[in-house]
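Report on the following structure.
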Amino acid sequence: QGTLPKNYHMGVMNDVVVDERILSFGLSSAGYDVCLKEDFRIFTNINTTVIDPLAFDDRCLHVHKGPYAIIPPNSYMLGTTVEWFNIPADVLVVVVGKSSLARCGLAITATPIEPGFSGNVVIEVANLSPSPVKVYANMGIAQFLFFRSNEPCGVSYADMGGKYQNQTGVQLAIV
């Protein structure tokens, strides 16, 4: 029998062994692979609205809840990590995409997570391909890399009263 590859999960459903492929999540060799909740915001042009970060119109988004979301070609989606983070004042987190998803045309926007941030993290996922791409909840979506500085920062995200502090769901741009 041996051991299963890291990207497999064996389970039993109705007395039948089920073999499910998943992308890795959790602690990795050099960081932490996060998953998304079953709550997605997919950008759409159905209502022909302009995406304006200074006056955001919710009609730009399609709300989708479920075990996966399909991102249309050349489109974009927001999701929230399952994991809650409390980042220390001497740690900066950089978000990078996973290779398996990049090879399917998905790009993860690399936004830093500031020292002192607490909350679920909103992940931005872009479909750069000419085809729809399926993204699953509870599957590894991005890797967080943690960098510790020699000392705590002078003013942390929490000290500044960061606008996304303690967010719990898909938070749209706040300007």
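Contact check for Leu106 versus Leu128: no side-chain heavy atoms found under the 4.5 Å cut-off. You'll find the side chain of Ile123 stays beyond 4.5 Å of the side chain of Leu78, heavy atoms only. A 4.5 Å side-chain heavy-atom check between Pro115 and Val91 finds every atom pair outside the cut-off. Under the 4.5 Å side-chain criterion, counting only non-hydrogen atoms from C-beta, Ile108 is not in contact with Val96. Inter-residue side-chain proximity for Ser156 and Glu114 is flagged as unmet; no heavy-atom pair is nearer than 4.5 Å. Between Lys98 and Asp33, the closest side-chain pair of non-hydrogen atoms falls below 4.5 Å.
A donor-acceptor contact closer than 3.5 angstrom links the side chains of Gln143 and Ser28. Residues Asn86 and Ser118 bring a donor and an acceptor atom of their side chains to less than 3.5 Å of each other.
Both Tyr157 and Val155 belong to a single network of hydrophobic side chains, linked directly or stepwise wherever heavy atoms of I, L, V, M, F, W or Y lie under 4.5 Å apart. Under the 4.5 Å side-chain heavy-atom criterion for ILVMFWY residues, no single connected hydrophobic cluster contains both Leu36 and Val82. No single ILVMFWY cluster, assembled from side-chain heavy atoms under 4.5 Å apart, contains both Trp84 and Val93. Under a hydrophobic-cluster definition in which Ile, Leu, Val, Met, Phe, Trp and Tyr are linked whenever side-chain heavy atoms come within less than 4.5 Å, directly or via other members, Met139 and Tyr68 are assigned to the same cluster. Taken together through direct or relayed side-chain contacts under 4.5 Å among Ile, Leu, Val, Met, Phe, Trp and Tyr, Ile87 and Leu92 form parts of separate hydrophobic clusters.
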Discussion item. Run the side-chain contact (heavy atoms from CB on, under 4.5 Å) test on Leu172 and Leu61 for me, step by step, so that the C-alpha distance in whole Å, both residues' side-chain angles and the decisive distance to 0.1 Å come before the verdict.
Written reply: CA-CA 10 Å; Leu172 304 178; Leu61 298 172; 3.3 Å; yes
Practice prompt. Take Asp58 and Arg41 through the test side-chain contact (heavy atoms from CB on, under 4.5 Å) and record every step on the way to the result.
Written response: CA-CA 10 Å; Asp58 285 348; Arg41 302 296 181 277; over 6 Å; no
Worksheet item: Yes or no on side-chain contact (heavy atoms from CB on, under 4.5 Å) for Asn166 and Phe117, after CA distance, side-chain angles and deciding distance?
Response: CA-CA 8 Å; Asn166 297 313; Phe117 171 84; over 6 Å; no
Item to complete: Take Phe25 and Tyr32, measure what side-chain contact (heavy atoms from CB on, under 4.5 Å) needs, and give me the verdict at the end.
Response: CA-CA 7 Å; Phe25 59 90; Tyr32 188 88; 5.9 Å; no
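In this structure, SG in Cys60 is found 14.0 Å from CD1 in Ile42, a value given to the nearest 0.5 Å. The distance from the NZ atom of Lys37 to the NZ atom of Lys65 is 9.5 Å, given to the nearest 0.5 Å. Atom CD1 of Ile70 sits about 7.5 Å away from atom NE2 of His64, to the nearest 0.5 Å.
For Asn127 against Ile71, the heavy-atom pair with the smallest separation is ND2-O, 3.0 Å. In this structure, Val121 and Gln167 approach most closely via the heavy-atom pair CA-NE2, 3.9 Å. For Val170 against Val122, the heavy-atom pair with the smallest separation is CA-CG2, 4.2 Å. Counting all heavy atoms, side chain and backbone alike, Leu145 lies closest to Ala30 at CD2-O, 3.5 Å. Between Tyr76 and Ala126, the shortest heavy-atom contact is CD1-CB, 3.8 Å. Scanning all heavy atoms of the two residues, the minimum distance from Ser131 to Ser129 falls at O-OG, 2.7 Å.
The closest donor-acceptor contact from the side chain of Thr109 to the backbone of Thr111 lies at 3.5 Å or more, if one exists at all. Side-chain N or O atoms of Ser75 include one that pairs as donor or acceptor with a backbone N or O of Phe43 at under 3.5 Å. Using modelled atom types, no side-chain atom of Glu38 and backbone atom of Tyr136 make a donor-acceptor pair closer than 3.5 Å. Within the 3.5 Å criterion, the main-chain N or O of Asn120 finds no donor-acceptor partner in the side chain of Tyr164. In terms of modelled atom types and a separation under 3.5 Å, the side chain of Lys163 and the main chain of Ile174 share a donor-acceptor contact.
Less than 6.0 angstrom separates the ring centroid of Phe144 from the ring centroid of Phe85.
Classification of Asp57 and Arg59 as a salt-bridged pair holds, one side-chain N sitting under 4.0 Å from a carboxylate O.
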